[in-house]
**Student:** 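Could you have a look at this structure, given as structure tokens, before my questions?
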Amino acid sequence: MFKKILIANRGEIACRVARSARRLGVRTVAVHSEADAQAQHVLACDEAVHIGGAAARDSYLQWLRIIEAALASGAQAVHPGYGFLSENEAFARACAEAGLVFIGPPPEAIAAMGSKSAAKALMERAGVPLVPGYHGDDNDPDFLQAQAERIGFPVLIKASAGGGGRGMRRVDHAADFAAALASCQREAQASFGNAQVLVERYVLRPRHIEIQVFGDTQGHCVHLFERDCSVQRRHQKVLEEAPAPGLGARRRAEMGAAAVAAAQAVGYVGAGTVEFIAEEVDDGDLRFYFMEMNTRLQVEHPVTEAITGHDLVEWQLRVASGEALPATQADLRLRGHAIEARICAENPDAGFLPATGRLAVLRWPEHVAFVRNATQDSSRPPAPVRVDTGVSEGDEISPHYDSMIAKLIVWGEDRAQALARLDAALRDTHIVGPATNVAFLRRVVNCRAFGTADLDTALIERERAVLLDQPGLPLMLAAAGVAAHILAEEQAPGQAGNRSAQDPWARRDGWRLHGSARRRLDLQVGTTHHLATLERSHDGALQLTLDGSGATLGTRPLGAHRHEILLDGQRQVLSVHANGERMAVFGEHGSLELQEFDPVAHASEAAGSEGRLSAPMPGRIIGFLAQPGQRVQAGQALAVMEAMKMEHTLTAPRDGVVAELMFAAGDQVSEGAELLSLVGE
Ligand code: ADP
Ligand code: ADP
Ligand code: MG
């Protein structure tokens, strides 16, 4: 086994590789960009080398610098993770030339599978079934059009060098072929530096079923069963599961054998994935065709780890250091059911547009096994819930890299149990900051088609009416959550003192129910204001009214951030997280972010329009920060007052000259009282 390896990647996969290495006693060297100096993968490794600017092309794709870093740190091998340099034949070669082991297949195998066209030609010779199509070198438009007509519409034009779901065009009619071809070739040239395309039959209602394979340097090759990755958006995977629902043992063995044949045809060593597209034929049987081979560890490999109990990164390290595969085909057993959900910073309702920003709150379900203690013992059942991530609360999702925040992997005795665990795990995943797909994933998991395993790659598109543009948590519940949060804070006054005066949720103003029996709460969702009132009746019961409709409310804190709510007798558990001015409420039926309208800011604004500085609430003047005759600027602090045990700084609503102070330090003032008059400008 190696003594030290360099991990040429970032994010969750770099952390994941580091953890297996550590468990095996292998020291690790991280590389990082300017933007990642404090990243989790740097903390996860024993050493770290700064290799360049934030953009991937200035750092994670700078392979000469990475090789230099490996040599300088005394690493014996390089793990490329996925993406970046993982399928770069030249990098694999350069590692070998520098005397470093590339933890992946031989460069020849990467090259052979790098072009989808060439790979298909090779697979045809190896007897692996292919989608009917043309994958030769002739890319003349008229010739390809004739091929498309021979194949029959709809067809798919695919960039030979494509990846990541890009460089593909579905064409339904012969008349549209020429334009689609030109546009696909343009994208292929721009994105992959190679305009070559192939044309194949567009499989209708297809499933994406892939086989995990593993080879060693002694000529062994096994498969570790399949993963069904049919749930996709924009040809990119969203949920992955194993075993593939409905796949019989005979077809599984056939697909496994075809995948092993594909790997052996290119002398494969290490972890690889053979992707098949599958379609159900008339008799209900599943027919499958080779699509491509990914010559690396795949994002969704934890699904396979969960159902086999083997650590695939450990296998990679053992195989790369020259050991034989840890198991034979006969040793490998499939147990239970696993599903992975890719949690991304993106907005599903806006065409899955990626989002960026600081992860102000990042909470995982309880009883989660992080990858460090998952899947080390193949005789024991795996962790019911596993999270692989490369970020912590407070970290930034930056625009430089991909938008994946984490992978949530669940395991159950059967699919129903795995589904139930995934639903609960997603419910208990609370992220505040950038938009995420968590709520969307929950809807997918709960939709009829996924529940009944009616899977194909168009599932999301077909179910969009129930998956997209859905309401979050009902506002009434969210208001109840806010009320519960504030009441809990009031009952724990010791903690409030520690909180920043900037945090409006720490404010005491206008909320103390012991004093007044009726409290007002102005809640803002987006730009819409909603008026909530909370009243305590003579018998002590609380009544919550929102935009005119009321309900009785009971609240009980269940620990940090969690509250039990009784709303008109209905019990709910809500989690409430304050993020600066905003408050995010998470419940069984979704989440909602809202903002309590800030009376202090509001008072300043109102004062601004009238040129007055008035008290936003009843309280006591602590002091003035400006004197009569002084010229002041808008936004300048003019007075400090105390209300409900908190200090509030009041700022000048506009430029002007202080004419008169209406009160003195220590004076009590009532709500709306003018504190200071401004003249001029
Ligand atoms: P898979 O078949 O496993 O989904 P993809 O071909 O979609 O693999 O890409 C693998 C993963 O590699 C992506 O999900 C993405 O997170 C990562 N990836 C690919 N290219 C890059 C890149 N240039 N920078 C960062 N991550 C990348
Ligand atoms: P990439 O390298 O981008 O992963 P793939 O060849 O693996 O490209 O295809 C990505 C996805 O596109 C597949 O998972 C599948 O959903 C869809 N796809 C690919 N080939 C076909 C086809 N012939 N018919 C229908 N859908 C296809
Ligand atoms: Mg693919």
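The basis for the numbers below is simple: all heavy atoms, side chains too, and nothing from hydrogens, waters or symmetry mates. Numbering starts at 1 and runs along the sequence shown. Every number for a ligand or one of its atoms is a count from 1 in the order of the listing.
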**Student:** Looking at ligand 2, is there an atom of it that comes within less than 4.0 Å of some heavy atom belonging to Arg170?
**Tutor:**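 No, Arg170 has no heavy atoms under 4.0 Å from ligand 2.
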**Student:** Judged by non-hydrogen atoms, does Lys237 sit under 4.0 Å from ligand 2?
**Tutor:**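 No; Lys237 lies far enough from ligand 2 that no heavy-atom distance drops under 4.0 Å.
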**Student:** Provide the closest heavy-atom pair for Ala21 versus Ile5 in the form atom of the first, atom of the second, distance.
**Tutor:**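 Smallest interatomic distance, heavy atoms only, reads CB-CD1, 4.2 Å.
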**Student:** Check this for me, if you would: do Glu226 and Arg252 make a salt bridge, where the nitrogen-to-carboxylate-oxygen distance has to be below 4.0 angstrom?
**Tutor:**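 Between Arg252 and Glu226 there is a salt bridge, with a charged N closer than 4.0 Å to a carboxylate O.
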**Student:** Has Glu210 got an N, O or S atom lying less than 2.8 Å from the Mg ion (ligand 3)?
**Tutor:**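 No N, O or S atom of Glu210 is closer than 2.8 Å to the Mg ion (ligand 3), so no.
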**Student:** Could Arg287 and Glu280 be called an ion pair, given the rule that one side-chain N must be under 4.0 Å from one carboxylate O?
**Tutor:**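 A salt bridge is absent here (no side-chain N lies under 4.0 Å from a carboxylate O).
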**Student:** Could you tell me which N, O or S atom of Glu292 is nearest to the Mg ion (ligand 3)?
**Tutor:**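 Among the N, O or S atoms of Glu292, the one closest to the Mg ion (ligand 3) is OE2.
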**Student:** Under 4.0 Å from ligand 2, counting heavy atoms only, is it the side chain of Val203, its backbone, both or neither?
**Tutor:**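 For Val203, the contact with ligand 2 is made by both the backbone and the side chain.
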**Student:** Check each atom of ligand 2 against the heavy atoms of His208 and keep those under 4.0 Å away; list them by number with element.
**Tutor:**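 Once the distances to His208 are compared, the set is 13 (C), 14 (O).
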**Student:** Answer yes or no on whether Arg234 is positioned over the face of Phe352, meaning its NZ or CZ is under 6.0 Å from the six-membered ring centre and within 45° of the axis.
**Tutor:**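 No; the conditions do not both hold, so Arg234 does not lie above the ring face of Phe352.
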**Student:** So, applying salt bridge (Lys or Arg N to Asp or Glu O under 4.0 Å) with Glu275, which one of Lys116, Arg207, Lys237 is it?
**Tutor:**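 That would be Lys237.
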**Student:** Suppose we only allow N, O or S atoms; which atom of Glu275 ends up nearest to the Mg ion (ligand 3)?
**Tutor:**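 Relative to the Mg ion (ligand 3), the closest nitrogen, oxygen or sulfur of Glu275 carries the name OE1.
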**Student:** Which pair of heavy atoms, one from Ala92 and one from Ile110, lies closest together, and at what distance?
**Tutor:**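 For Ala92 versus Ile110, the nearest heavy atoms are CB-CD1, 3.9 Å.
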**Student:** Would you be so kind as to tabulate the donor-acceptor pairs closer than 3.5 Å made by side chains of residues 148-156, with sequence neighbours excluded?
**Tutor:**
| unit_1 | atom_1 | unit_2 | atom_2 | d |
| --- | --- | --- | --- | --- |
| Glu149 | OE2 | Gln145 | NE2 | 2.9 |
| Arg150 | NE | Gln147 | OE1 | 3.0 |
| Arg150 | NH2 | Gln147 | OE1 | 2.6 |

**Student:** Can you list the ligand 2 atoms lying under 4.0 Å from a non-hydrogen atom of Thr457?
**Tutor:**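 Atoms satisfying the 4.0 Å criterion: 16 (O).
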**Student:** I'd like to know whether ligand 2 has Gln236 as a neighbour, heavy-atom separation below 4.0 Å.
**Tutor:**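 No, Gln236 has no heavy atom closer than 4.0 Å to ligand 2.
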**Student:** Numbering the atoms of ligand 2 from 1, which are under 4.0 Å from a heavy atom of Arg201?
**Tutor:**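 Near Arg201, meaning under 4.0 Å from one of its heavy atoms, ligand 2 has 22 (C), 23 (N), 24 (N).
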**Student:** By number and element, which atoms of ligand 2 are closer than 4.0 Å to a non-hydrogen atom of Gly162?
**Tutor:**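 Atoms satisfying the 4.0 Å criterion: 2 (O).
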**Student:** Does the N or O separation between Met168 and ligand 2 drop below 3.5 Å for any pair?
**Tutor:**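 No, Met168 has no N/O under 3.5 Å of an N/O on ligand 2.
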**Student:** Before accepting this row, confirm whether a basic side-chain N of the pair Asp311/Arg16 lies closer than 4.0 Å to the acidic partner's carboxylate O.
**Tutor:**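 Here Asp311 pairs with Arg16 in a salt bridge, since their nearest N and O are under 4.0 Å apart.
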**Student:** I'd like to check which ligand 2 atoms, numbered from 1 as shown, lie under 4.0 Å from a non-hydrogen atom of Ile277.
**Tutor:**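 Here the atoms of ligand 2 in question are 18 (N), 20 (N), 21 (C), 22 (C), 24 (N), 25 (C), 26 (N), 27 (C).
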**Student:** Using distance only, find each side-chain donor-acceptor pair of residues 264-274 under 3.5 Å and give its atom names and separation, not counting sequence neighbours.
**Tutor:**
| unit_1 | atom_1 | unit_2 | atom_2 | d |
| --- | --- | --- | --- | --- |
| Tyr268 | OH | Ala271 | O | 2.7 |
| Thr273 | OG1 | Arg227 | NH2 | 2.9 |
| Thr273 | OG1 | Gln298 | OE1 | 3.4 |

**Student:** With only distance considered, is Gly165 within less than 3.5 Å of ligand 2 through an N or O on each side?
**Tutor:**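 Yes, since at least one N or O of Gly165 sits under 3.5 Å from an N or O of ligand 2.
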**Student:** Less than 3.5 Å between some nitrogen or oxygen of Lys158 and one of ligand 2, yes or no?
**Tutor:**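 For ligand 2, there is an N or O atom that lies under 3.5 Å from one belonging to Lys158.
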**Student:** When rounded to the nearest 0.5 angstrom, what is the spacing between CZ in Arg335 and CG in Asp414?
**Tutor:**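 Arg335 CZ to Asp414 CG: 14.5 Å, rounded to 0.5 Å.
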**Student:** Rounded to the nearest 0.5 Å, how far apart are CG of Leu419 and CG of Leu239?
**Tutor:**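 Those atoms lie 9.0 Å apart.
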**Student:** Which option, Arg207, His235, Gln232, Glu200, owns the non-hydrogen atom nearest atom 16 (O) of ligand 2?
**Tutor:**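 The residue whose heavy atom sits nearest atom 16 (O) of ligand 2 is Gln232.
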**Student:** Evaluate Pro206 for polar contact with ligand 2, using N/O atom pairs at a separation under 3.5 Å.
**Tutor:**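 No - when backbone and side-chain N and O of Pro206 are compared with those of ligand 2, no distance drops under 3.5 Å.
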